[in-house]
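Reminder, nothing fancy here: chain letters follow the sequence lines and each chain counts from 1. The model shown is predicted, which means the values in this text are computed figures rather than measured ones.
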Amino acid sequence: MHGLGELKEKAEKALQKKAPFGEDINLDQFDSAPVLHSYMADEDLCGIPQEEQKRLIMAGLDVTKKERGGTFFQKDTSVIHCHSPQEGIEVLPVRKALEKDWIGEYFWKLAQVDVDKYTASAALDLHDGYVIRALPGSKSIYPVQACLYLDKEGLQQNVHNLIITEEGSELHIITGCSTSPHMKKGIHIGISEFFVKKNAKLSFTMIHNWAEDMHVRPRSVARVEEGGLFLNNYICMKPVRSLQMYPTTYLEGENAVARFYSIIVGSPGSEYDLGGRIFLKKPGNKAEIVARAISNGGKIIARGHLIGEVAEIKAHLECKGLLLKGGLIHAIPELEGHADGVEMSHEAAVGKIAQEEISYLMSRGLGEEEATSTIVRGFLNVDIPGLPSQLKAEIDRVIEQSDKDMM
Amino acid sequence: MLVIEDLKVELGDKVILQHIDLEIKPGETHVLFGPNGSGKTSLLMTIMGYPQYKVVEGSMIFKGKDITFMPINERARLGIGMSYQRPPTIHGLKTRQMVNICAGGVVDVGGLAQRVNFADFLDRDVNAGFSGGEIKRSELLQLMAQNPDLMLFDEPESGVDMENIHLIGKTIARLLEKDFNSVSGEKSKMQKKMERTKMGLIITHTGYILDYVAADKGQVLFDGRLSCISNPREILSCIGKSGYEECVRCMA
């Protein structure tokens, strides 16, 4: 791919550039030297120790690959498994994709290398990442699973992902990030660029399952063409030292739609600064950002920014926060209407569980603790339109699991 | 049997109920009348066990157990249930799940729901955007699954259209085992009456419910005090003619 020299030059200038949000991380404390792991065949995958398998499952990766339309598995800096049996769907490591001609249309075309030190670092020292592409008109039956796993203590993992849904295709991805059970400290930097072409439908469900001293800096940009749908779900219910992301989506064709749903549980010592920004640029665009945040001692900043540039667009922002055991939830919703005839709204609420609801459930026979956890589960149970039931079940399972840790 | 003796209740710093004596025997249903703000809902909430209603004097005995300071869920397990007038919405909890919670296990939710014409609402969040009539049917559905021995109904017919009043009236009668007209059983009316154990306490303003449930006693709650016990129809007609205050004075 040409133009790489120019990218490198730009990136080098941004290596010290601080991000506007989130704690500034000194990247010198991490090691980004390659960590080699050998490729694993199907039977090797199933031989992964139970404890690790459990962590992978919590991040959406099923090593048996049952009911999965493809699998990508990267451990530290090495791709250890990559497979796409489903017709019409390609899954390949991004370094391999860089050898192809067409990659120039996508690689660093939406995201900018010089946004901050993290994008710069990923541009200059890329480990790997995945390309998942749905060919024109293809419909995936099962979701493709992708997992980025960290095992080496103190690692800086730099990945770059490209997700391309060609015209009229439908693709569902479940992607998880996780660390090995012994791992404590590290940083994950992930660049993701999403291309949702004309009348394509993409659902992207990301489950994070980090370690207590991990820093996480995803950088994502999406472009949705005419009639396209981009559904972006994010779930993070485990502790992390700091996580900051502010993915941006451009709705560039008429009737393009984007929906962001996030579910976050903030544990003590964890700092989350996350949000979503959606530009509605063409008539008929619709956008929705929905966040559910629970803090049981952690700090959560939930941002959301909707920009309506033309009339006949509809956008809604919703953030609900629940403080269970102290902590902080800071909701920052922003609406920008640039034309007459935009329809934009937001709703934000931060509070505690209403005693009246607990009493109501107790009068139906539940004990106080059961009543509380039933309400919390309900709070996190967001109806996500257009999500395949299998992925819905996956999300429910993660919530059900974490429920026990939360109380 | 429920026995309430000389009960005094505070909400915040205010006395809202005092000198309340009430006895509901197995098989009996009582009707509670009274103007707005007289303490009717407070009495039901106190019996159910809502902690903000603080009992400062007196006692409540149910099935021989002192429930005066018992937590809500223990009262529920002992067999007390309530149909609320304005229950809270619980987001993310489906009505279907709620009915299972009430039953304390798996139950034929669909079958029960059909009986109160509520099958279409089972996959909606509990009480979310329900109309007045829908709330009543949802509450009755929950009580049907819970099947308590003492049922507290807070204005079960308010906000309900004429068509649904019939359904609600019949459902309450069935819950209270007062529905001998509808069931052509082999048992005689007298026999069924003898075997009846369900107890009810119903708040009503309109008295429509009396067309469906043959209530045994009526009581008027006025200014935090229970004022008289009489035939519910008589009380209703007295209130209709001369108002609550006059009614309390004349019966006292």
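Looking at B:Arg75, there are no atoms closer than 4.5 Å to chain A (heavy atoms on both sides), in backbone or side chain. If you measure heavy-atom distances from A:Tyr360 to chain B, the contacts under 4.5 Å come from both the backbone and the side chain. For B:Asn127, the part sitting under 4.5 Å from any heavy atom of chain A is the side chain, from C-beta outward, and nothing else.
Checking B:Tyr53 against B:Glu10 by side-chain atom types alone, no donor-acceptor pair falls below 3.5 Å. Judged by distance alone, the side chains of B:Thr41 and B:Tyr84 never bring a donor and an acceptor atom under 3.5 Å apart. Between B:Glu155 and B:Thr204, the side chains place no donor N or O within less than 3.5 Å of an acceptor N or O (distance only, hydrogens not considered).
Residue with the most contacts toward chain A among B:Lys94, B:Met48, B:Glu139: B:Glu139 (heavy-atom pairs, distance under 4.5 Å). Listed options B:Pro148, B:Pro88, B:Gly81 were ranked by heavy-atom pairs under 4.5 angstrom with chain A; first place goes to B:Pro88.
The shortest heavy-atom contact between A:Thr249 and A:Phe260 is OG1-CZ, 3.2 Å.
Centroid-to-centroid, the aromatic rings of A:Tyr234 and A:His208 come within less than 6.0 Å.
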